Amino acid sequence: MAFTLATWNINSVRLRAPLVLRLLEEEAPDVLCLQECKSPVEKMPLEGFAALGYRHVVARGQRGYNGVAILSKTPIEEVAAHDYASLGHARHIAGRLENGVVVHNFYVPAGGDKPDREVNEKFGQKLDYLAAMRDAFHAERPERSILVGDLNVAPREDDVWSHKQLLRVVSHTPVEVNHFTDAQEAGGWVDVTRQDIPSGRLYSWWSYRSPDWQAADKGRRLDHVWASADIASAAHGSRVLRDVRGWEQPSDHVPVFASFDL
DNA sequence: ATGGTTGATCGTCAA
């Protein structure tokens with residue numbers, strides 16, 4: 001069974017429900033993972049998604065911040081919803097599809113402005129969160145699993161518009177990249193997007209604060225699709241839907257897609 | 001070094 005999966009930081013699922021519906025109609029992924037829903041689950045506009053065939057949902061929400069959801073055309077069974085680093089935030093949900101594949105959907109803390117945990121508590125929380133992910137994957141190495149989400153780290157030099165200018169900017173600092181890589185390696189996760197698109201600049205986020213995002217193109221690749229090593233060879237066809245950044249009243253993130261022959 | 005924009009919520013925090 002082949003299926004296509006997408007991940008998208010929607011930055012308010014209620015405000016941008018029309019954009020979610022447009023993506024589902026135009027691209028029809030089998031599974032869509034959303035982050036930053038900024039809504040309790042009971043206030044997410046799930047009826048509209050169900051009307052398009054996405055009748056199966058696992059989600060965690062909270063008022064105003066965070067919030068993750070997995071929409072699926074086929075049944076999905078919730079298998080976990082971890083509060084890594086005990087932040088009390090709705091940042092993770094995991095479900096198992098009928099083919100046995102477990103989908104982890106993450107929204108890693110952004111980490112605030114200053115990349116120093118001594119003066120910025122949020123940066124410390126981000127590092128702690130990534131360390132907790134590492135520990136969890138070390139304790140139980142994932143198999144037949146896919147991990148997606150807004151991981152809020154752009155690990156490679158060609159994942160940012162200027163490696164040199166971002167070395168001290170949160171999302172691309174060496175300490176974050178090290179924590180990110182440790183979590184990835186602890187799980188034996190393969191970066192599916194870079195397996196399919198091995199070289200060249202690739203971004204999934206452009207700041208609202210940067211005018212003329214398209215021409216300036218000061219983007220970062222913060223949104224990721226990983227697969228456990230046992231199924232990584234089944235992945236193909238990764239795409240980053242850059243044009244979605246130009247939709248009306250857009251999210252600052254765009255969807256990232258991958259397909260799997262399993 | 002600073003400010004730039006957006007969203008939730010309703011003065012301010014988070015991103």
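If you're wondering where the values come from, they're calculated on a predicted model, not measured in any experiment. Throughout, a chain's letter reflects where its sequence line sits, starting with A, and its residues are numbered from 1.
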Answer yes or no: does a side-chain N or O of A/R14 lie under 4.0 Å from OP1 or OP2 of B/dG7?
-> no

What is the distance, rounded to the nearest whole Å, between atom CG of A/L19 and atom P of B/dT6?
-> 14 Å

Check whether any side-chain heavy atom of A/I231 lies under 4.5 Å from a side-chain heavy atom of A/I146, and answer yes or no.
-> yes

With a 4.0 Å heavy-atom cut-off, tell me which residues in residues 208-223 of chain A come close to DNA chain B, sorted by residue number.
-> A/Y208, A/R209

Find the distance A/K38:NZ to B/dC10:P and express it as a whole number of Å.
-> 14 Å

Provide, to the nearest angstrom, the distance between the CD atom belonging to A/E36 and the C1' atom belonging to B/dA14.
-> 8 Å

A/D150 and A/L222 have their tightest heavy-atom pair at OD1-O, 3.6 Å

In whole Å, what is the span from the CZ atom of A/R245 to the P atom of B/dT5?
-> 13 Å

Between A/V68 and A/Y107, the two heavy atoms sitting closest are CG1-CB, 3.9 Å

Would you classify A/R91 as touching base, sugar-phosphate or nothing, given that sugar-phosphate means primed atoms plus P, OP1 and OP2, and contacts are heavy atoms under 4.0 Å?
-> sugar-phosphate

Please state the C1' separation for the pair B/dA15 and B/dG3 - nearest whole angstrom.
-> 15 Å

Looking at B/dC13, B/dA15, B/dC10, which one has an atom nearest to any side-chain atom of A/R63?
-> B/dC10

Considering heavy-atom distances to DNA chain B, does A/S12 or A/G112 have its closest nucleotide positioned more toward the 5' end?
-> A/S12

Are A/Q62 and B/dA8 close enough that a side-chain N or O sits under 4.0 Å from OP1 or OP2?
-> no

What donor-acceptor contacts under 3.5 angstrom involve side-chain atoms of residues 10-23 of chain A, with partners at least two apart or in another chain?
unit_1 : atom_1 : unit_2 : atom_2 : d
A/N11  : OD1    : A/K38  : NZ     : 2.9
A/N11  : ND2    : A/Y208 : OH     : 3.1
A/S12  : OG     : A/L15  : N      : 3.1
A/R16  : NE     : A/I10  : O      : 2.8
A/R16  : NE     : A/N11  : O      : 3.3
A/R16  : NH1    : A/Q249 : O      : 3.0
A/R16  : NH1    : A/P250 : O      : 3.2
A/R16  : NH2    : A/N11  : O      : 2.9
A/R16  : NH2    : A/Y208 : OH     : 3.2
A/R22  : NE     : A/E26  : OE2    : 2.8

Whole angstrom is fine here: how far is it from CG in A/L87 over to P in B/dA14?
-> 12 Å

Side chain to side chain donor-acceptor pair (under 3.5 Å) pairs touching residues 119-132 of chain A, sequence neighbours excluded, are A/R117-A/D128, A/K126-A/E176

Rounded to the nearest Å, what distance is computed from the OH atom of residue A/Y129 to the P atom of nucleotide B/dA14?
-> 17 Å

Round to the nearest Å and state the distance from A/D113 atom CG to B/dA15 atom P.
-> 10 Å

B/dA14 and B/dC10, which share atom name C1', separated by this distance in whole Å | 15 Å

Which of B/dA14, B/dA15, B/dA8 is nearest the side chain of A/L15? It is B/dA8

Rounded to whole Å, CG of A/N9 lies from P of B/dA8 at a distance of 12 Å

Is it true that a side-chain atom of A/W213 and a backbone atom of A/S207 form a donor plus acceptor pair closer than 3.5 Å?
-> no

Relative to each other, are the rings of A/H82 and A/Y84 parallel, tilted or perpendicular (30° and 60° limits)?
-> tilted

